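Below: one structure, written as structure tokens.
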Amino acid sequence: MSVDPMTYEAQFFGFTPQTCMLRIYIAFQDYLFEVMQAVEQVILKKLEGIPDCDISPVQIRKCTEKFLCFMKGHFDNLFGKMEQLFLQLILRIPPNILLPEDKCQEINPYSEEEFQLLQKEIRELQEKYKTELSTKQALLAELEEQKIVEARLRQTLSLFDELENVARDHGTSDFRESLVSLVQSSRKLQNIRDNVEKESKRLKIS
């Protein structure tokens with residue numbers, strides 16, 4: 001079998017020419033084997049009608065196998081020549097012929113260097129696309145986080161509004177000032193508690 005991959009021919013036929021020739025070879029081999037089996041059966045039947053025949057079925061089988069090997073050797077020799085003829089003249093696309101899907105190369109030809117540059121540009125665009133996609137995903141994730149923060153902020157503002165309404169109902173004029181005063185008082189109490197804890201520790205040590 002030919003070692004030439006013949007990829008352009010495979011693009012046209014949908015299979016490699018070597019595969020086609022291999023299938024033809026196997027089909028011929030199978031047919032030859034079937035013919036030899038049929039011939040052997042005919043000979044055995046003929047011998048059954050001959051009285052006192054000294055030729056046994058085992059001898060017939062040996063002769064059949066020997067003749068099969070002889071035929072196979074000649075067939076392989078002829079098939080090798082037929083394969084060369086098919087692959088060179090019948091199943092090969094001439095170098096000056098373009099397939100319909102490749103006609104654009106004839107209209108817009110390009111060199112190997114231009115092809116490499118085009119491949120490089122494609123790779124760069126793919127990398128840019130991946131970067132843009134990652135950036136987009138990061139922005140979407142950040143937007144979702146902002147939505148969560150915004151929702152929590154609205155809840156907090158709503159809570160302050162409710163507290164302010166409650167304070168107003170109980171006679172407090174300015175809830176925000178009251179809240180500031182409450183925070184300051186809380187800090188003072190925290191400082192007093194810290195001082196008491198320090199003094200208590202000092203007394204225990206002494």
Side-chain angles (χ1 to χ4, degrees), residues 1-47 55 57-148:
M1 289 294 174
S2 172
V3 296
D4 182 4
M6 302 181 72
T7 54
Y8 203 53
E9 286 76 9
Q11 179 182 335
F12 175 72
F13 292 114
F15 55 84
T16 62
Q18 290 88 342
T19 301
C20 176
M21 297 306 300
L22 178 61
R23 290 177 179 175
I24 294 174
Y25 178 81
I26 293 173
F28 269 102
Q29 290 275 33
D30 292 342
Y31 180 72
L32 180 62
F33 182 74
E34 291 175 0
V35 168
M36 294 309 301
Q37 281 187 320
V39 170
E40 182 180 284
Q41 293 299 322
V42 171
I43 293 174
L44 290 174
K45 287 183 178 180
K46 292 289 185 182
L47 291 178
I55 303 175
V58 175
Q59 291 176 314
I60 297 296
R61 171 55 59 91
K62 288 182 179 180
C63 292
T64 303
E65 290 178 350
K66 186 175 180 180
F67 184 68
L68 179 62
C69 290
F70 171 80
M71 291 294 295
K72 186 176 180 302
H74 281 270
F75 169 74
D76 288 344
N77 184 30
L78 292 174
F79 187 84
K81 296 178 181 179
M82 184 179 71
E83 179 190 21
Q84 292 181 0
L85 177 65
F86 270 67
L87 294 180
Q88 291 176 3
L89 302 178
I90 299 176
L91 297 177
R92 179 175 295 277
I93 298 176
N96 61 328
I97 299 298
L98 285 175
L99 297 180
E101 58 267 30
D102 296 329
K103 285 293 183 180
C104 59
Q105 297 182 17
E106 187 176 19
I107 301 173
N108 301 306
Y110 53 87
S111 62
E112 180 67 22
E113 183 180 354
E114 291 173 334
F115 176 75
Q116 294 298 331
L117 290 174
L118 182 61
Q119 291 289 94
K120 181 181 178 182
E121 184 178 353
I122 291 174
R123 288 193 296 268
E124 291 176 353
L125 289 174
Q126 288 175 340
E127 290 297 325
K128 289 182 180 179
Y129 172 74
K130 291 180 182 178
T131 303
E132 292 291 337
L133 186 60
S134 299
T135 303
K136 180 181 178 181
Q137 291 175 346
L139 290 174
L140 289 174
E142 185 177 351
L143 181 61
E144 289 298 323
E145 292 179 0
Q146 290 178 356
K147 289 181 179 179
I148 295 173

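Numbers here are sequence positions counted from 1. All values derive from a computational prediction rather than experimental measurement.
With rounding to the nearest 0.5 Å, the separation of CG in Leu118 from NZ in Lys120 is 12.5 Å. In this structure, CG on Leu78 lies 6.5 Å from NZ on Lys81, to the nearest 0.5 angstrom. Atom CD of Glu83 sits about 5.5 Å away from atom CZ of Phe79, to the nearest 0.5 Å. Between the CD atom of Glu114 and the CG atom of Leu117 there is a distance of 7.5 Å, given to the nearest 0.5 Å. The structure places CG of Leu68 at 8.0 Å from CD of Gln29, a figure rounded to the nearest 0.5 Å. Rounding to the nearest 0.5 Å places CG of Leu140 at 11.0 Å from OG1 of Thr135.
Atom CD of Glu113 sits in a sparse spot, with 12 or fewer heavy atoms from other residues, nucleotides or ligands closer than 6.0 Å. Shown here is Phe15, whose CZ atom has more than 12 heavy atoms of other residues, nucleotides or ligands within 6.0 Å. Within a 6.0 Å radius of CZ in Phe75, other residues, nucleotides and ligands contribute more than 12 heavy atoms.
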Pair Leu139-Glu142, side chain to side chain contact (heavy atoms under 4.5 Å, CB included): steps then yes or no: CA-CA 5 Å; Leu139 290 174; Glu142 185 177 351; 4.2 Å; yes
Intermediate values then yes/no, side chain to side chain contact (heavy atoms under 4.5 Å, CB included), Met21 and Leu91: CA-CA 10 Å; Met21 297 306 300; Leu91 297 177; 4.1 Å; yes
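Side-chain contact check for Leu133 versus Lys130: every heavy-atom pair is 4.5 Å or farther apart. Inter-residue side-chain proximity for Pro17 and Phe86 is flagged as unmet; no heavy-atom pair is nearer than 4.5 Å.
Pairs engaging residues 8-20 under the salt bridge (charged side-chain N to carboxylate O under 4.0 Å, His left out) rule: none recorded [sequence neighbours left out]. Counting only residues at least two apart or in different chains, salt bridge (charged side-chain N to carboxylate O under 4.0 Å, His left out) contacts with residues 59-76 comprise Glu40-Arg61, Lys72-Asp76.
Across all non-hydrogen atoms, the minimal contact from Leu87 to Gln18 is CD2-N, 4.4 Å.
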